[in-house]
Number of protein chains: 2
Amino acid sequence: MTKMKNNTVCQYKLIASRDALAVIQGKWRIPIIISLTYGNKRFGDIQKDIQDISPKMLSQELKTLEEYKIISRKLYDSMPVMVEYSLTPLGLSLHKLLDELLNWGVHFRDEMVGKKKGGKTKN
Amino acid sequence: MTKMKNNTVCQYKLIASRDALAVIQGKWRIPIIISLTYGNKRFGDIQKDIQDISPKMLSQELKTLEEYKIISRKLYDSMPVMVEYSLTPLGLSLHKLLDELLNWGVHFRDEMVGKKKGGKTKN
DNA sequence: CCGAATCCTGTTTGATACTG
DNA sequence: CAGTATCAAACAGGATTCGG
């Protein structure tokens, strides 16, 4: 990549970022993945972590993440039924990215508190 | 943080991730920031990098990113008018996060090409 | 307990044309 | 060149109800 022109590199990166964004985009996917980094969990457990998610969204996003091979779903045929979700190796490979995201989130908040003015509060 | 319980840490991380996501969420913000890492650019230059963005979305997202202090806007009062966008220090501080995002995007694509099956193509 | 199915709403995004 | 304005489409998200 060292010999490529800036514009070519930029295009390459734009594509890579889109691939990544397609997977983790949305309000709930990152939170769900974070919740699952603390061990395998059941539907209700995740709901407890992310209190403002509706069952519909949780169900829907779990399904999508499963299609992307980020998480896996294990059904125990007990009574009542029990389902356990966990991160796949691909899901685990997000860990460094998540770390940076969290670091930056904290950094951003510090900056905003320091300056206090302007910026979007967005709820 | 070493002494905190898993659940507390999880909640803490969920909040940090939301702070970060509020800023970089959306289809266009990351691409715009990536485009600007290759030097200060004008409106039309960014449009050339991101070919499928509409002027409306570009304008709107630039405005939002400016409010978040991620980028800054400089108006040169020439004829015709010229505007230059650049990353602020806060915007530059996203660089490690972006790197990880790109790395993961490439990794993800490799995985998907290897397996080939399932997964969402999404378009 | 763990969801699926349905219906409904508001926000996001987009296409296109237009302006200083 | 650097955007606005307008209108339409798409999608995310919520409320509620139902089933194994």
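Atom set for the values below is all heavy atoms of this structure, side chains included, hydrogens, waters and symmetry mates excluded. Reminder, nothing fancy here: chain letters follow the sequence lines and each chain counts from 1.
Atom-to-atom distance recorded for Arg29(B):CZ and Met57(B):CE is 8.5 Å, nearest 0.5 angstrom. With rounding to the nearest 0.5 angstrom, the CD atom of Glu100(B) is 13.0 Å from the CG atom of Leu94(B). How far CD of Glu61(A) is from CH2 of Trp28(A): 9.5 Å, rounded to the nearest 0.5 Å. Atoms CG and SG, from Leu14(B) and Cys10(B) in turn, are 4.5 Å apart once rounded to the nearest 0.5 Å. One finds the CG atom of Asp19(A) at 10.0 Å from the CG atom of Leu102(B) (value rounded to the nearest 0.5 Å).
Rounded to whole Å, atom C1' of dA2(D) lies 14 Å from atom CD of Glu66(B). Rounded to whole Å, atom P of dC1(C) lies 15 Å from atom CG of Leu58(A). Between Gln25(B) atom CD and dT13(C) atom P there is a gap of 9 Å when expressed in whole angstrom units. dG3(C) atom C1' lies 15 Å from atom CG of Asp77(A), rounded to whole Å. For Leu65(A) and dG3(C), the CG to P distance is 14 Å, given to the nearest whole Å. Distance Lys74(A) NZ to dG3(C) C1': 20 Å, rounded to the nearest Å. Between Asp49(B) atom CG and dA2(D) atom C1' there is a gap of 16 Å when expressed in whole angstrom units. In this structure, Leu21(A) atom CG and dT13(C) atom C1' are separated by 16 Å, rounded to whole Å.
Put simply, Arg73(A) has a side-chain N or O that comes within less than 4.0 Å of OP1 or OP2 on dG3(C). The side chain of Arg42(B) places no N or O atom within less than 4.0 Å of a non-bridging phosphate oxygen (OP1 or OP2) of dC1(D). Side-chain N/O atoms of Ser59(B) include none lying less than 4.0 angstrom from OP1 or OP2 on dA2(D).
For the pair Leu62(A) and Ile71(A), the minimum side-chain heavy-atom distance is below 4.5 Å.
Side-chain N/O atoms of Tyr68(B) and Lys63(B) include no donor and acceptor closer than 3.5 Å.
Toward the 5' end of DNA chain D, the nearer of the two residues Asp45(B) and Gly26(A), judged by each one's closest nucleotide, is Asp45(B).
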Check residues 82-91 of chain B and write down every donor-acceptor pair under 3.5 Å in which the side-chain atom is one partner and the other belongs to a residue at least two apart or another chain.
residue: Glu84(B); atom: OE1; partner: Tyr76(B); partner atom: OH; Å: 3.4
residue: Tyr85(B); atom: OH; partner: Arg73(B); partner atom: NE; Å: 3.3
residue: Ser86(B); atom: OG; partner: Ser72(B); partner atom: OG; Å: 3.2
residue: Thr88(B); atom: OG1; partner: Lys69(B); partner atom: O; Å: 2.5
residue: Thr88(B); atom: OG1; partner: Ile70(B); partner atom: O; Å: 3.0
residue: Thr88(B); atom: OG1; partner: Leu90(B); partner atom: N; Å: 3.3
residue: Thr88(B); atom: OG1; partner: Gly91(B); partner atom: N; Å: 3.1

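The bend of the helix from dC1(C)-dG20(D) to dG20(C)-dC1(D), defined by the angle between the axes of its first five and last five pairs, stands at 50° to the nearest 10°.
Across all non-hydrogen atoms, the minimal contact from Trp104(A) to Ser93(B) is NE1-OG, 3.0 Å.
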- Message: Strictly under 4.0 angstrom, non-hydrogen atoms only: write out the protein contact profile of nucleotides 14-20 of chain C, one letter per nucleotide from the 5' end, B, S or -.
- Response: BB-----
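Tyr85(B) comes within 4.0 angstrom of the backbone, heavy atoms only, and of no base.
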